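Okay, so here's the structure we're looking at.
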Amino acid sequence: MSGQGAKPTWSQKAAVSQKGWRFGAVLGVFLVVMAALVWRLVDLQVVDHEFLRQQGDVRTIRVEKIDAHRGVITDRHGEPLAVSAPVQTIWANPSQTDPDEPRLASLARLMGMSEARLRQRLRDYSGREFIYLRRKVQPDLARRIMDLDISGVYSRQEYRRYYPAGEVTAHVVGFTNIDEQGQEGMELSYNEWLSGKPGSKRVLKDNRGRVIKDLALIQDAERGHDLQLSIDLRLQYLAYRELKAMVNAQNARGGTLVMLDVDTGEVLAMVNQGSYNPNDRSQLDPANLRNKAITDLFEPGSTMKPITMAAALESGKYSVGDVVDTNPGYRRFGRFTIRDHRNYGVLSLTDIIVKSSNVGISKIATELGGDAIRDLYSRVGLGEPTGVGFPGEAVGVLPAPPKWHPVDEATLSYGYGMSLNALQLAQAYMVLANGGIKYPLSLLKVDKKPKGHRVLSEHVTAEIRKMLHGVVERGTGTRADPGLYSAGGKTGTVHLVGNQGYEDNQYKGIFAGMAPMDNPRIVTVVAVDAPQSGEYYGGEVAAPVFARVMSDALRLLNVKPELEVSGSHSGSRPTGERG
């Protein structure tokens with residue numbers, strides 16, 4: 001056996017055979033996998049080459065929303081009152097943005113926010129893919145932000161609402177929220193009309209999310225419809241100016257002015273004090289949001305006397321030549337007493353209006369009955385909606401008791417025990433001004449004269465207009481004289497109502513009137529709330545505003561001044577009971 005190696009045993013042969021099998025198996029699997037990979041590469045590159053392109057598109061092609069351009073709101077002459085301008089919104093994908101990125105300090109400074117807060121927000125929302133950083137910034141600021149080239153920070157175009165007339169038209173136009181949805185005024189009433197419908201498009205973006213190319217339009221955005229209001233911006237400005245000046249001069253709580261076109265029912269001006277700037281709501285007082293001309297109710301006081309007088313003439317129980325004995329200057333109804341400013345004795349119907357006699361008009365009311373007075377109040381639009389469609393409109397209260405008590409008839413005749421808004425009062429005087437026709441009121445421009453219906457005869461309204469002219473010529477409303485034009489109207493002074501009932505030392509001064517008297521063109525109602533500087537009668541605080549506004553408004557409307565101009569009485573004190 002020496003000189004020869006030992007022969008391998010069976011177990012050794014088996015081990016060698018097993019190693020060879022394993023190697024062959026591993027090699028075979030490797031070859032199969034390699035063959036599969038090679039085949040897949042060939043398949044993707046040659047046979048199914050569209051797959052890679054589609055997968056690349058999935059990661060770079062996106063569908064983006066196209067915001068609809070909100071409709072423009074204009075005045076009756078096309079002057080813009082609300083417009084939408086393109087702006088940029090800055091947003092971020094926190095999952096792509098490093099909270100420790102040094103350039104975030106510059107980003108925070110440009111956006112006017114705390115750097116620490118910005119970094120913390122990115123950490124807090126690191127699991128999200130979208131957060132707003134700053135909404136609706138100017139395009140030049142957005143470009144400066146994007147030039148920082150911070151990963152995960154993007155911009156997109158949106159629109160921002162601007163109001164060129166600011167606080168002057170705020171209560172009529174209203175405003176939108178940050179998403180351009182109407183919140184107040186006509187913006188809210190006609191939100192669906194103005195909004196339009198958003199569209200969508202397919203875009204190509206780079207790996208930083210920036211749009212490289214617009215690929216296809218999926219659905220075009222549908223622009224919102226424009227809205228043309230009845231407001232004349234020129235008249236609105238001067239009404240706002242004069243009302244604000246009086247409210248400031250009298251240190252008053254607030255004020256309201258409404259102007260109507262006599263022959264169409266269009267609202268030419270509607271302003272309130274206080275107001276707000278819809279372009280800057282950072283210091284907004286919620287109390288100033290209300291359009292008080294429509295949403296706030298008050299007792300109209302002596303401004304109702306001409307309508308009561310119209311009911312008297314219409315009844316046939318009274319004619320213009322009649323007189324009423326107002327002695328001794330007061331009337332008692334149980335524990336209630338109504339008084340005149342002084343004892344006027346025997347008064348003609350005209351002088352009852354000119355001197356604003358509570359006793360005289362209440363005696364007429366007793367003769368007529370409450371139902372006759374209430375019926376005419378209702379026919380001229382009191383106690384019912386005006387139909388302008390403004391949000392939050394208050395209808396008011398027009399009493400209709402099953403049985404009228406004498407004191408209720410008396411107080412109703414001079415505007416107590418009822419409530420209305422300034423627009424309703426203007427509508428009632430519009431009927432007196434245009435010969436007895438009640439037209440539907442409108443805050444939108446009217447293209448053709450609307451169809452109205454007669455609620456009073458021309459004869460009765462003509463006689464009432466003469467009485468109203470007398471109020472301005474020699475009665476409680478001499479400060480309402482606009483100088484170059486003849487005017488007519490009625491003063492009113494009422495106690496304001498508080499939590500405990502009537503407030504002894506708080507008044508609302510009112511003047512409702514029309515001009516020019518030969519052919520009335522416009523009706524204006526002025527109300528000043530709680531003046532604190534000594535004067536508070538309607539003839540003292542509201543009538544002068546009427547005079548200045550009507551004088552300028554009629555000139556702007558190219559109404560020819562009357563040839564016979566009476567001397568201005570704007571500096572004189574009203575005589576008698578001051579309404």
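Predicted model only: the values in this text are computed from it and were never measured.
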Spell out, as yes or no, whether a donor-acceptor pair under 3.5 Å connects the side chain of [X] to the backbone of [Y].
X	Y	value
Ser230	Val267	yes
Tyr485	Val559	yes
Ser378	Asp375	no
Arg454	Gly435	yes
Thr461	Glu458	yes

Smallest separation among heavy atoms of [X] and [Y], with atom names:
X	Y	result
Ile294	Val388	CD1-CG2, 4.2 Å
Phe298	Ala422	CE2-N, 3.6 Å
Val455	Lys438	CG1-CB, 4.1 Å
Ile338	Asn358	CD1-O, 4.1 Å
Ala542	Ile510	CB-C, 3.7 Å
Gly477	Thr491	CA-CG2, 3.9 Å

Give the ring-plane orientation class for Tyr507 versus His495, where under 30° counts as parallel, over 60° as perpendicular and anything between as tilted.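 The rings of Tyr507 and His495 sit tilted, inter-plane angle from 30° to 60°.
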
Once you round to the nearest 0.5 Å, how far does [atom1] of [X] lie from [atom2] of [Y]?
X	Y	atom1	atom2	result
Lys490	Ile464	NZ	CD1	12.0 Å
Tyr190	Leu443	OH	CG	7.5 Å
Met186	Asn291	CE	CG	10.5 Å
Asp481	Met550	CG	CE	11.5 Å
Glu384	Leu420	CD	CG	12.0 Å
Glu299	Thr303	CD	OG1	11.0 Å

Looking at [X] and [Y], does any basic side-chain N land under 4.0 Å from a carboxylate oxygen?
X	Y	value
Arg76	Asp261	no
Arg379	Glu314	yes
Arg374	Asp371	no
Glu535	Arg479	yes

Passing candidate, side-chain hydrogen bond (donor to acceptor under 3.5 Å, both in side chains) with Ser362, options Arg331, Lys305, Glu409, Glu367: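 Single side-chain hydrogen bond (donor to acceptor under 3.5 Å, both in side chains) partner of Ser362 among Arg331, Lys305, Glu409, Glu367: Arg331.
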
I'd like to check [X] versus [Y] (side-chain heavy atoms, cut-off strictly below 4.5 Å). Are they in contact?
X	Y	value
Glu242	Val545	yes
Arg339	Thr337	yes
Glu463	Leu313	yes
Gln183	Leu188	no
Leu376	Leu456	yes
Pro300	Val494	no
Arg253	Gln532	no
Tyr344	Val359	no

Applying salt bridge (charged side-chain N to carboxylate O under 4.0 Å, His left out), run through Asp226 and Arg70 and close with a yes or a no. CA-CA 8 Å; Asp226 293 339; Arg70 191 173 177 87; over 6 Å; no

Distance-only polar pair, side chains of [X] and [Y], donor-acceptor under 3.5 Å:
X	Y	result
Thr386	Glu393	yes
Glu79	Gln236	no
Thr308	Tyr377	yes
Thr256	Asn272	yes
Gln250	Tyr536	no

Are Tyr276 and His171 an aromatic pair by the rule of ring centers under 6.0 Å?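 Centroid distance Tyr276-His171: below 6.0 Å, so yes.
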
Taking it one step at a time, do Met430 and Leu441 satisfy side-chain contact (heavy atoms from CB on, under 4.5 Å)? CA-CA 10 Å; Met430 177 187 71; Leu441 301 186; 4.0 Å; yes

Among pairs that include at least one residue of residues 420-434, which meet side chain to side chain donor-acceptor pair (under 3.5 Å), considering only residues two or more places apart or in two chains?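 Not a single pair qualifies under side chain to side chain donor-acceptor pair (under 3.5 Å).
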
So Asp340 and Ser357, side-chain hydrogen bond (donor to acceptor under 3.5 Å, both in side chains) or not? Walk me through it. CA-CA 6 Å; Asp340 283 342; Ser357 170; 2.8 Å; yes

Is there a side-chain contact (heavy atoms from CB on, under 4.5 Å) between Met517 and Arg465 once you walk through the steps? CA-CA 7 Å; Met517 295 311 291; Arg465 288 197 298 273; 3.8 Å; yes

Which residue, Glu187, Glu184, Glu180, forms the salt bridge (charged side-chain N to carboxylate O under 4.0 Å, His left out) with Arg161?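 Exactly one pass, corresponding to Glu187.
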
Would Asn279 and Phe175 count as a side-chain contact (heavy atoms from CB on, under 4.5 Å) if you check the C-alpha gap in whole Å, the side-chain angles of each, and the deciding distance to 0.1 Å? CA-CA 9 Å; Asn279 296 310; Phe175 59 84; over 6 Å; no

Glu167 vs Arg281, test: salt bridge (charged side-chain N to carboxylate O under 4.0 Å, His left out). Steps then yes/no. CA-CA 11 Å; Glu167 62 187 57; Arg281 285 166 254 164; over 6 Å; no

Compile the donor-acceptor pairs under 3.5 Å between side chains in residues 347-354 and protein atoms, sequence neighbours left out, one pair per line.
unit_1: Ser348; atom_1: OG; unit_2: Asp351; atom_2: N; d: 3.1
unit_1: Asp351; atom_1: OD1; unit_2: Arg474; atom_2: NH1; d: 3.0
unit_1: Asp351; atom_1: OD1; unit_2: Arg474; atom_2: NH2; d: 2.9

Decide side-chain contact (heavy atoms from CB on, under 4.5 Å) for Thr478 and Glu473; before the verdict, give the C-alpha distance in whole Å, the side-chain angles of both, and the deciding distance to 0.1 Å. CA-CA 6 Å; Thr478 55; Glu473 277 194 321; over 6 Å; no

Review item, side-chain donor-acceptor pairs of residues 523-531, under 3.5 Å, at least two apart:
unit_1: Asp529; atom_1: OD1; unit_2: Lys508; atom_2: NZ; d: 2.2

